[in-house]
Amino acid sequence: MTSLSADDSYLDHYGFSHDPFAARVPGFKFFPAQRKPVLGQLHHLARYSQLLLVVTGPEGSGKTLVRQALVASSNKQAVMSVVITPQGTADSSAVLQQIGQALNIQHADFDGVMAQIVQLALTGQEVYLLVDDAEQLTGAAVETLLRLAAGSPEARPHVFLFGEDSLVSRLEALVEGEERFHVIALQPYEEDETREYLAQRLEGAGAGLETLSEEQIARIHEQSGGWPGAINLVAREELIEAIKHSKTRKATKGWPFPLPMKHLLAVLAVLCVIAVAFLLRGGEDEPEVQTNTPLALGNAPRSAPESAAGPVTPTESPSKIEFETPAAAEPANTDSARTAAVEPAEDVSEENSASITHQDGAAPSPAVTQKEAPAPVVQPAPEPVVPETPAPKTPEVVRPAAQPAPAAPAASAHSAWYAEQGGNRYLVQILGTRTEKNAQTLVAQRGSDYRYFVKEHEGKPLYVVTFGNFANRTAALAAIKTLPAALQSGKPWARSFASVQKEMRK
């Protein structure tokens with residue numbers, strides 16, 4: 001696997017032409033707006049000062065890119081640039097040897113190098129000595145470069161050291177309080193610059209920023225601190241982790257029981273037999289239910305003459321059953337309930353009359369009893385049922401009232417305050433939550449310096465709690481250290497009001 005490629009599955013999954021987040025990608029240059037003043041300051045100090053210039057930043061902060069931009073923006077006819085890259089620890093002789101080779105000097109010692117620099121100055125050509133990874137220089141090598149930067153009355157080279165912060169303490173120990181060097185510290189990217197950096201990296205590999213979700217971009221910026229080298233590492237980890245999650249989801253969608261196909265077919269056959277047996281058993285039971293119901297209703301009058309001595313005649317029981325059933329079916333209309341109740345009674349009476357005539361000759365008295373029985377039952381039947389009808393409507397009223405809740409948060413009470421602040425000022429983002437009540441509670445507990453705004457994240461409102469209003473990023477970063485431990489554990493970060501206002505407009 002080369003520096004421009006990853007394993008095949010990584011490249012194939014996203015369709016990359018090469019690994020977009022490799023450490024060194026030929027032709028890739030990202031120079032954000034905040035780096036341009038640094039470049040201009042280096043050119044200005046090189047022309048009008050005699051100080052050794054130091055550019056510091058952590059590993060992966062973009063120091064090499066600034067050095068490349070400095071060489072590229074120099075006047076090639078008037079400036080000879082000598083780039084020194086130590087291979088491991090570099091002492092004074094190794095540094096002078098590299099300078100001598102670049103200047104075509106046979107005797108590469110301090111005096112020989114200075115003599116050649118004076119010769120070039122007489123022809124109108126200046127010399128830029130640029131040292132990458134300067135923290136790898138020995139103390140003697142750093143002292144030699146300080147002497148070269150001081151030069152002579154006739155000429156001197158312009159020395160630029162690009163290294164980590166530890167280099168500054170070593171220089172201070174050598175100069176013993178004298179003003180012989182100037183330090184420029186690089187700053188991390190803002191969130192918008194991180195987004196632009198990711199987009200340019202992905203576009204170079206044939207993809208786009210849509211490869212990453214908004215949540216992933218925010219996480220990359222937060223975990224990397226805005227330093228380019230760390231952005232590359234975290235972004236690549238995010239993409240590889242997403243591949244693992246997608247493979248896990250695909251695996252869980254498969255059949256959960258690792259049985260051979262013939263065993264699965266046998267299980268299905270057994271289940272089918274059980275289902276058929278259950279259906280057949282249900283079909284045998286069904287006629288018993290159908291025959292019992294009409295016997296209880298229609299055949300009771302035929303046995304009436306045999307049990308007429310009882311206190312309640314059998315004809316009364318089926319009559320009540322017939323009337324109560326239709327009344328419960330249509331409680332809202334009394335006339336329809338009455339009609340539905342009377343008609344079954346007449347059918348039963350005719351059937352009973354026919355059956356009695358067939359058996360006895362003429363004894364219509366049971367039929368007459370059934371026709372008279374419905375009269376007092378028809379009126380009260382609907383009344384107890386009427387209060388029950390509104391019951392199903394209760395959930396219908398509640399559901400619409402609950403629906404607008406998620407869509408309600410149009411803007412917080414502090415939205416106007418955020419819009420009024422200057423875009424170049426800074427605040428500290430504490431956390432984001434999907435529940436506005438949580439944001440309100442935190443703001444109420446912490447005090448007036450805490451506020452929250454609403455933005456749309458993945459199609460849903462997100463309530464973002466912030467702290468303070470600071471003149472610059474340095475002040476906001478310092479304020480993070482003063483926050484309570486409970487809030488610092490959430491990894492708050494500094495951001496500009498311009499970025500917040502942009503999110504609120506979206």
Side-chain angles (χ1 to χ4, degrees), residues 1-32 35 57-69 72 85 132-133 188-261 264 432 434 455-460 462 491 493 499 502-503 506:
M1 183 172 64
T2 65
S3 61
L4 295 183
S5 64
D7 56 280
D8 292 339
S9 61
Y10 171 63
L11 299 180
D12 293 342
H13 183 84
Y14 294 104
F16 293 149
S17 59
H18 61 266
D19 184 0
F21 300 111
R24 305 282 183 181
V25 178
F28 175 79
K29 287 182 175 60
F30 179 77
F31 208 72
R35 294 287 195 263
E59 183 180 0
S61 58
K63 300 184 294 294
T64 299
L65 184 61
V66 174
R67 190 264 299 163
Q68 292 172 345
T85 304
D132 251 345
D133 301 326
Y189 292 167
E190 299 287 345
E191 185 174 0
D192 291 342
E193 292 171 333
T194 299
R195 185 186 301 273
E196 294 174 7
Y197 178 83
L198 291 170
Q200 190 167 329
R201 280 273 186 174
L202 290 167
E203 288 170 2
L209 188 60
E210 64 276 2
T211 306
L212 296 166
S213 66
E214 290 295 324
E215 184 177 353
Q216 287 176 312
I217 294 173
R219 191 159 53 241
I220 291 169
H221 178 74
E222 180 179 352
Q223 294 181 4
S224 66
W227 296 111
I231 291 174
N232 292 338
L233 295 175
V234 178
R236 194 173 189 277
E237 290 175 1
E238 283 285 341
L239 293 176
I240 294 176
E241 193 66 23
I243 296 176
K244 293 179 181 178
H245 284 311
S246 64
K247 290 181 178 179
T248 302
R249 286 194 299 269
K250 290 178 181 178
T252 55
K253 289 179 181 179
W255 182 262
F257 303 104
L259 295 176
M261 183 59 67
L264 294 177
R434 292 292 186 189
K455 71 172 185 177
E456 184 177 336
H457 181 64
E458 296 181 353
K460 298 179 182 179
L462 183 68
K491 295 183 179 179
W493 53 286
S499 64
K502 183 178 179 181
E503 288 185 348
K506 289 182 181 179

Apply the test side chain to side chain contact (heavy atoms under 4.5 Å, CB included) to residues L462 and R434: give CA-CA distance (whole Å), side-chain angles for both, the deciding distance (0.1 Å), then the verdict.
CA-CA 5 Å; L462 183 68; R434 292 292 186 189; 4.1 Å; yes
Do you know which two heavy atoms are closest between [X] and [Y], and how far apart they sit?
{"X": "D192", "Y": "S499", "answer": "OD2-CB, 4.1 Å"}
{"X": "L202", "Y": "G208", "answer": "CD1-O, 3.3 Å"}
{"X": "P32", "Y": "E193", "answer": "CB-OE2, 3.7 Å"}
{"X": "S224", "Y": "I231", "answer": "OG-CG1, 3.2 Å"}
{"X": "G226", "Y": "T194", "answer": "CA-OG1, 4.2 Å"}

Derivation and outcome, side chain to side chain contact (heavy atoms under 4.5 Å, CB included), residues Y14 and I243
CA-CA 9 Å; Y14 294 104; I243 296 176; 3.5 Å; yes
Sidechain-backbone polar pair: S17 side chain, A205 backbone, donor-acceptor under 3.5 Å:
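At least one qualifying donor-acceptor pair exists.
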Under 3.5 Å, is there a donor-acceptor pair between the side chain of R236 and the main chain of F21?
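Here the side-chain-to-backbone pair does not exist.
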Side-chain heavy-atom pair [X], [Y] within 4.5 angstrom cut-off:
{"X": "L239", "Y": "F16", "result": "yes"}
{"X": "Y189", "Y": "E196", "result": "no"}
{"X": "V66", "Y": "F31", "result": "yes"}
{"X": "P228", "Y": "F30", "result": "no"}

Quick one: pull up [atom1] in [X] and [atom2] in [Y] and give me the separation to the nearest 0.5 Å.
{"X": "L212", "Y": "R201", "atom1": "CG", "atom2": "CZ", "result": "13.0 Å"}
{"X": "D133", "Y": "R67", "atom1": "CG", "atom2": "CZ", "result": "9.0 Å"}
{"X": "R219", "Y": "S213", "atom1": "CZ", "atom2": "OG", "result": "6.5 Å"}
{"X": "L209", "Y": "Q216", "atom1": "CG", "atom2": "CD", "result": "10.5 Å"}
{"X": "W227", "Y": "E59", "atom1": "CH2", "atom2": "CD", "result": "12.5 Å"}
{"X": "H13", "Y": "I240", "atom1": "NE2", "atom2": "CD1", "result": "11.0 Å"}

Indicate whether the side chain of Y197 and that of N232 have a donor and an acceptor atom separated by less than 3.5 Å.
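Their side chains do contain a donor-acceptor pair, which is all the 3.5 Å distance test asks for.
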Using a strict threshold of under 4.0 Å (side-chain N to carboxylate O), is an ion pair present between K460 and E456?
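No, E456 and K460 are not salt-bridged.
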Consider side-chain hydrogen bond (donor to acceptor under 3.5 Å, both in side chains). Of H221, E214, E190, Q200, which one does R195 pass it with?
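Of the listed residues H221, E214, E190, Q200, the side-chain hydrogen bond (donor to acceptor under 3.5 Å, both in side chains) partner of R195 is E214.
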